[in-house]
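In what follows, a single structure is set out as structure tokens and then discussed.
Every chain is numbered from 1 and lettered A, B, ... according to where its sequence line falls, protein lines coming before strand lines. Just so we're clear, the structure is a prediction, and the values are computed from it rather than from any experiment.
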Amino acid sequence: MASLQSLRGMVDLLPAQISIWQHIEAVAREHFRRAAVQEIRTPLLEVTELFARGIGEATDVVGKEMYTFLDRGERSCTLRPEGTASAVRAVIEHGLLSQGPQRLWYGGPMFRYERPQAGRQRQFHQIGLELLGVADARSDVEAIAIAWDLLADLGVGGLALELNTLGSPDDRIRYRERLVAWLEAHRDGLDPDSQARINTNPLRVLDSKVPQTQATLAAAPPLAASLSAESRARFEQVQAGLAALEIPVQLNPRLVRGLDYYSHTAFEITSSQLGAQATVCGGGRYDGLVQQLGGPPTPAIGWALGMERLVLLLAQMPAAAAAGAPAPLDLYVVSRGEAAEALVLPLARQGRAAGLAVECDTSGAAFGKQFKRADRSGARFAAVIGDAEAAAAEVVLKDLRQHQAEQRLPIAALVDWLVQQRAGGSA
RNA sequence: GCGGGCGUAGCCAAGUGGUUAAGGCAGCGGCUUGUGGCGCCGCCAUUCGGGGGUUCAAGUCCCCUCGCUCGCCCCA
């Protein structure tokens with residue numbers, strides 16, 4: 001095999017798949033516009049330290065999944081594994097918070113060096129939301145509602161919103177101590193991975209999928225018991241807010257997220273139809289992150305949505321997939337003969353200037369071939385220009401989608417006629 | 001990083017040691033050098049991801065390697 005291939009886990013998006021992506025992006029953009037959320041674009045490449053400090057050294061993402069290399073200046077650089085750290089860095093760097101709370105969204109590729117499987121790639125795409133500067137539980141509710149409504153509007157069915165609270169940093173420290181002590185005492189009932197995690201990332205032991213570990217954990221002290229009154233009240237406010245919006249919630253006390261910066265609200269929107277990688281959208285509150293990265297103390301909440309997983313879900317829903325279908329061509333120009341061929345590009349350009357989608361056949365092939373391609377192009381009309389038409393400055397217009405007599409009209413009148421046809425809801 | 005499944009044309013795919021590697025879709029040419037969608041005819045893999053080995057004989061068996069895929073882990 002001498003031919004070149006894309007790198008493992010790096011996937012091409014071919015023209016046939018693009019329309020659904022553009023559809024999702026357009027719907028997301030519109031939801032963000034309505035919610036007064038502005039786009040931010042940051043570099044794909046950042047200094048490694050940003051992620052190490054932001055996401056947490058003990059996390060898997062930082063520990064083993066980053067694309068990290070030295071650039072020519074010997075700086076350690078990393079392809080972003082997620083969007084929050086970059087967005088926060090940019091906000092701090094440009095002093096945006098001095099202008100008040102920031103409502104931001106971003107989209108684009110992320111990179112994690114993992115083994116690819118269904119719904120998991122090394123380069124994948126996320127759309128994410130970050131609401132910075134507001135501590136109130138209502139902003140948690142708003143952030144979640146934006147994600148929920150966006151997914152609903154796209155026509156994704158069968159989703160569940162799983163919700164938990166991780167408590168305040170103090171709650172967590174207190175709980176962590178209790179949990180570690182308990183885990184140490186019940187070490188024998190845990191799988192090796194979980195045993196190893198007792199000291200590095202004990203909270204993650206809670207959502208282990210190993211049945212034996214889960215059985216052991218049934219008697220473990222719950223995080224809820226370590227929550228302060230304030231944290232508990234806050235969690236209740238979030239739940240009440242979601243209930244008021246009639247967004248159904250599934251409380252999941254085992255939901256712990258993999259990135260260190262989360263506190264209080266943590267949530268995931270999952271689908272049972274995605275195989276092992278069930279999370280379409282995940283996020284939570286990260287009140288400590290901005291300060292940790294050198295900014296002013298700033299409460300924040302955000303989420304990220306996995307585009308590939310969303311596309312996977314949408315592909316299972318014919319109605320939603322159809323919504324993303326591209327608009328058909330208005331005109332396909334078929335021509336033959338030197339004089340005729342000279343008229344094609346000027347005609348196409350005039351049509352395009354008027355907003356029509358026009359393709360011309362420049363193959364010089366037999367009419368039969370050109371008509372075949374015209375048909376396949378999906379165009380509504382074919383314009384035919386041969387020697388006779390060129391001499392008379394006319395075109396023969398053929399309706400490719402309905403049986404109707406061909407008509408002949410001046411070449412100068414064609415574009416107007418088509419524009420009118422389209423405006424008139426020509427069925 | 002660990003485990004299972006798989007790799008035959010652009011795509012789907014038959015083939016389970018024995019002469020020339022089915023078939024379908026797409027593509028190209030023709031029937032039709034001014035008319036597509038239907039039909040018919042023809043063309044389209046010196047070679048089965050790559051390398052090595054076993055054998056008189058390998059797409060088929062063995063080893064290595066690369067890739068894809070599903071799961072573990074982790075997460076979007």
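- The only member of A:Thr78, A:Leu45, A:Thr48 that meets side-chain contact (heavy atoms from CB on, under 4.5 Å) when paired with A:Phe69 is A:Leu45.
- Here the C1' atom of nucleotide B:A76 and the CD1 atom of A:Ile144 are 16 Å apart, to the nearest Å.
- The listed nucleotides are B:C75, B:A76, B:C70; the one nearest the side chain of A:Gln117 is B:C70.
- As rounded to whole Å, 15 Å separates atom C1' of B:A76 from atom CD of A:Glu25.
- When all heavy atoms of A:Arg336 and A:Glu341 are compared, the pair lying nearest together is CA-OE2, 4.0 Å.
- Of the C1' atoms belonging to B:G10 and B:C70, the separation is 25 Å, rounded to the nearest Å.
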Short heteroatom pairs, N/O only, protein and nucleotides 36-42 of chain B, under 3.5 Å:
unit_1	atom_1	unit_2	atom_2	d
B:G36	N1	A:Leu400	O	3.2
B:G36	N2	A:Asp375	OD1	2.6
B:G36	N2	A:Leu400	O	2.7
B:G36	N3	A:Asp375	OD1	3.4
B:G37	O4'	A:Asp375	OD2	3.3

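- A donor-acceptor pair under 3.5 Å is absent between the side-chain atoms of A:Arg80 and the main chain of A:Ser86, judged by distance alone.
- Checking B:C28 for Watson-Crick or G-U wobble geometry (two distances, each under 3.5 Å) identifies B:G42 as its partner.
- Across all strands shown, B:C48 forms no Watson-Crick or G-U wobble pair with both key distances under 3.5 Å.
- Between A:Arg257 and A:Glu268 there is a salt bridge, since at least one side-chain N of the basic residue sits less than 4.0 Å from a carboxylate O of the acidic one.
- As judged by a 4.0 angstrom heavy-atom cut-off over every strand, A:Gly119 is placed among the base-contacting residues.
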Determine, step by step, whether A:Arg204 and A:Asp60 satisfy the salt bridge (Lys or Arg N to Asp or Glu O under 4.0 Å) criterion, reporting the C-alpha distance in whole Å, the side-chain angles of both residues, the deciding distance to 0.1 Å, and the verdict. CA-CA 11 Å; A:Arg204 291 220 55 82; A:Asp60 284 330; 5.4 Å; no
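- Comparing the P positions of B:G49 and B:G7 gives a spacing of 8 Å, expressed to the nearest Å.
- Base contact: A:Ala388 has a heavy atom under 4.0 Å from a base atom.
- For the pair A:Arg257 CZ and B:C73 P, the interatomic distance rounds to 16 Å; values are reported in whole Å.
- One atom, CG of A:Asp387, and another, P of B:G34, lie 10 Å apart when rounded to the nearest Å.
- In this structure, A:Gly9 and A:Arg112 both approach RNA chain B, and ranking their closest nucleotides by distance from the 5' end singles out A:Gly9.
- Among all heavy-atom pairs drawn from A:Leu255 and A:Phe267, the shortest one is CD2-CA, 3.7 Å.
- Looking at the side chain of A:Pro116, the nearest of the listed nucleotides B:G34, B:A76, B:U69 is B:U69.
- Spacing between atom NE2 of A:His125 and atom C1' of B:A76 amounts to 12 Å, rounded to whole angstrom units.
- What you find for A:Ala85 and A:Leu293 is that their closest heavy atoms are O-CD1, 4.2 Å.
- No engagement by A:Gly83 is indicated, since no non-hydrogen atom pair under 4.0 Å with the nucleic acid exists.
- Counting non-hydrogen atoms under 4.0 angstrom, A:Arg309 reaches a base of the nucleic acid.
- Pair check for B:C2 finds B:G71; Watson-Crick or G-U wobble, both atom distances under 3.5 Å.
- Taking the P atoms as reference points, B:C44 lies 29 Å from B:C61, given to the whole Å.
- The base of B:G34 sits with one of its N or O atoms less than 3.5 Å from a complementary donor or acceptor on the side chain of A:Glu389.
- Residue contacts for A:Glu65: at a heavy-atom cut-off of 4.0 Å it reaches the sugar-phosphate backbone alone, with no base atom in range.
- Comparing atom distances between the A:Arg115 side chain and each of B:C74, B:C75, B:U69 picks out B:U69 as nearest.
- The residue A:Val334 sits apart from the nucleic acid: no heavy atom pair falls under 4.0 Å.
- Residue A:Ala366 is out of contact with every strand shown, counting any heavy-atom pair closer than 4.0 Å.
- Only the C1' atoms considered, B:A13 is 13 Å distant from B:A21, to the nearest whole Å.
- Checking B:C74, B:A76, B:G71 against every side-chain atom of A:Asp60, the shortest atom distance belongs to B:C74.
- Nearest heavy atoms, A:Thr298 versus A:Leu97: OG1-CD1, 3.6 Å.
- At whole-Å resolution of the value, CD in A:Gln370 and C1' in B:C28 are 16 Å apart.
- The base-pairing partner of B:U16, taking Watson-Crick or G-U wobble contacts with both distances under 3.5 Å, does not exist among the strands shown.
- Taking atom P in both B:A58 and B:G17, the straight-line distance is 14 Å, to the nearest Å.
- Comparing B:U60 with B:C6, their P atoms are spaced 14 Å from each other, to the whole Å.
- Base pairing of B:U35 is not made with any nucleotide, judged by Watson-Crick or G-U wobble geometry with both donor-acceptor distances under 3.5 Å.
- Judged by distance alone with a 3.5 Å cut-off, a donor-acceptor contact links the side chain of A:Arg120 to the base of B:C73.
- Here the two rings, on A:Phe381 and A:Trp417, have centers that are under 6.0 Å apart.
- Here, B:G29 and B:G37 have their P atoms 14 Å apart, quoted to the whole Å.
- The CG atom of A:Leu255 sits 11 Å away from the P atom of B:C75 (whole-angstrom rounding).
- Closest to the A:Ala118 side chain, of the nucleotides B:C74, B:A76, B:C70, is B:C70.
- Comparing A:Tyr262 and A:Arg336, the nucleotide of RNA chain B nearest to each residue sits closer to the 5' end for A:Arg336.
- The existence of a salt bridge linking A:Arg172 and A:Glu177 is excluded, since no basic side-chain nitrogen approaches an acidic carboxylate oxygen closer than 4.0 Å.
- Closest to the side chain of A:Arg8, out of B:G71, B:C68, B:G34, is B:C68.
- Between B:G15 and B:U8, the two P atoms lie 14 Å apart (nearest whole Å).
- Among all heavy-atom pairs drawn from A:Tyr106 and A:Ala304, the shortest one is OH-CB, 3.9 Å.
- The partner of B:G7 is B:C66, judged by Watson-Crick or G-U wobble contacts that both fall below 3.5 Å.
- With rounding to whole Å, A:Glu394 atom CD is found 19 Å from B:G34 atom P.
- A:Gln121 comes within 4.0 angstrom of a base, heavy atoms only.
- Base engagement by A:Gly386 is indicated by at least one non-hydrogen atom pair under 4.0 Å involving a base atom.
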